[in-house]
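Numbering of residues begins at 1 and proceeds along the displayed sequence. Fair warning: this is a prediction, and the values are worked out from it, not measured in the lab.
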Amino acid sequence: MSLPPQLLLLLPPLLLTAGPADAALIRIPLRRVYTGSRTPNPLRGWGNPEEPLGLGAPSPGGKSAFVPLSNYMNAQYYGKIGLGTPPQNFSVIFDTGSSNLWVPSRRCNFFSLPCWFHHRFDPKASSSFKPNGTKFAIQYGSGRLSGILSEDKLTIGGIMNASVTFGEALWEPSLVFVFARFDGILGLGFPILAVGGVRPPLDTLVDQGLLDKPVFSFYLNRDPEAVDGGELVLGGSDPAHYIPPLTYVPVTIPAYWQVHMERVKVGTGLTLCAQGCPAILDTGTSLITGPTEEIQALHRAIGGLPLLGKYIIECSIISTLPPVSFNLGGVWFNLTSQDYVIQIARGGARLCLLGFQALDVPPPDGPLWILGDVFLRSYVAVFDRGNMRKGARVGLARARPRGAGPLGSGFTQAQFSGRRPG
């Protein structure tokens, strides 16, 4: 790829390839990397490993967890997990568009550059490590990797000693992983997506009684200069994150978190997805993507100018741009121009990118839209895998602005998937 690192990291990186309602939630603080005016530099910190972050304390009650997220340029949200005994810390993307957990390995190929710029798992440093040795390979939308499967203990958000099968990446030939601020990926998709038939981490936590329900939610902080990037809540959702009610939309195909979208409107003059279309809620994709013809029409309506595969807009006219609205479950979810324009300031200059990108997903999976982080920063998503009585669904509600509620004020009461709003 010839894109500069700032734009490279805005590519859709990943697609294609709970207790009673009154239980206290476990918060696992993570931090946001503050980039200031610096340019991404994979050599920065060479020889100076990042200081280990706390992986959370055991829950005083209930089986749920808060995993705060870090945010890099509103393009990478990631959090901390631990693998092994004692835990070796890794930053991972929590990706609803895949279902495997992997991190770089100490045994990776010498010529695999991403391994040299990230934390690597050392099986010899873990007393609970169990070799597996099965080979695996994963192909993402803008990157691929391969390695071997291994078994060890997972620490996440105060949940400890979960026995998981994960991938040790031995070969990461894709440039996108060199510049990534995250070490690996923890997939939160459905089991059918898991490479090698591996049990996904979420299912493992439920199977071992460490999490009551296969439910989780994302709150993404849209301010890239803030200390925290948001939270992943395992086992339920936190009403302090959103403005009720939650609108639930059924999952149509339980692989990716795919739902039916009824239509898309740009201002009052353009309708897209006019006959309805599939859409995927994907935390591993930075932008909102759609079929080329429709995204080009959207950019024309907004006035975007093409630049290196992206579209830019004059920063001075952001306030005049029309809203873009998505109809899901009979409810309109509106994005203002402040929601969908990504502003990057460097050295006194400002670049304004539109958060929409053309991506043609071939049949039988496509054509479809992907509602990535540009959408999920504005709307909290509650991902509910369901049970024998009801199918999987996604709940959506407007994200509560920072400072507008009791967010971060300690333990709060949870709203779990079994309770509907109203």
Counting distance only, does the side-chain N/O of [X] pair as donor-acceptor with the main-chain N or O of [Y] below 3.5 Å?
X: Q258; Y: P278; value: no
X: E262; Y: G330; value: yes
X: R393; Y: P250; value: no
X: W257; Y: L188; value: yes
X: S217; Y: V382; value: no
X: S105; Y: R107; value: yes
X: H118; Y: F182; value: yes
X: N334; Y: S325; value: no
X: Y219; Y: R400; value: yes
X: D183; Y: H119; value: yes

Side chain proximity check, [X] to [Y], heavy atoms < 4.5 angstrom:
X: F129; Y: L83; value: no
X: P367; Y: W369; value: no
X: I81; Y: L101; value: yes
X: F136; Y: L145; value: yes
X: D95; Y: D282; value: yes
X: I342; Y: K310; value: no
X: W102; Y: V198; value: no

In Å and rounded to the nearest 0.5 Å, what is the [atom1] to [atom2] distance from [X] to [Y]?
X: F117; Y: E172; atom1: CZ; atom2: CD; result: 11.5 Å
X: L328; Y: M261; atom1: CG; atom2: CE; result: 6.5 Å
X: T289; Y: L368; atom1: OG1; atom2: CG; result: 7.0 Å
X: F383; Y: T96; atom1: CZ; atom2: OG1; result: 4.5 Å
X: S378; Y: D373; atom1: OG; atom2: CG; result: 11.0 Å
X: F326; Y: L371; atom1: CZ; atom2: CG; result: 6.0 Å

With a 6.0 Å cut-off on the ring centroids, do F94 and F216 count as close?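 Here the rings of F216 and F94 have centres that are no less than 6.0 Å from each other.
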
For the aromatic rings, using the six-membered ring if either is Trp, is the centroid distance between Y340 and F356 under 6.0 Å? yes

Quick one: side-chain hydrogen bond (donor to acceptor under 3.5 Å, both in side chains) partners of R398, sequence neighbours excluded? D339, Y379

Across all chains, not counting sequence neighbours, the side-chain hydrogen bond (donor to acceptor under 3.5 Å, both in side chains) partners of T252 are none

Looking at S126, S128, S163, which hits side-chain hydrogen bond (donor to acceptor under 3.5 Å, both in side chains) with K153?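 Only one option passes, and that is S163.
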
Can you list the residues that meet the disulfide bond (SG atoms under 2.5 Å apart) rule with C108, with sequence neighbours excluded? none

Pair N132, T134 - check side-chain hydrogen bond (donor to acceptor under 3.5 Å, both in side chains), show working. CA-CA 6 Å; N132 180 302; T134 303; 2.6 Å; yes

Pair E294, V264 - check side-chain contact (heavy atoms from CB on, under 4.5 Å), show working. CA-CA 10 Å; E294 296 198 297; V264 179; over 6 Å; no

Please report the closest heavy-atom contact between P191 and S99, naming both atoms and the distance.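 Looks like N-OG, 4.5 Å.
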
Is E151 atom CD crowded by more than 12 heavy atoms from other residues, nucleotides or ligands, each under 6.0 Å away?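 More than 12 heavy atoms, drawn from other residues, nucleotides or ligands, come within 6.0 Å of this atom.
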
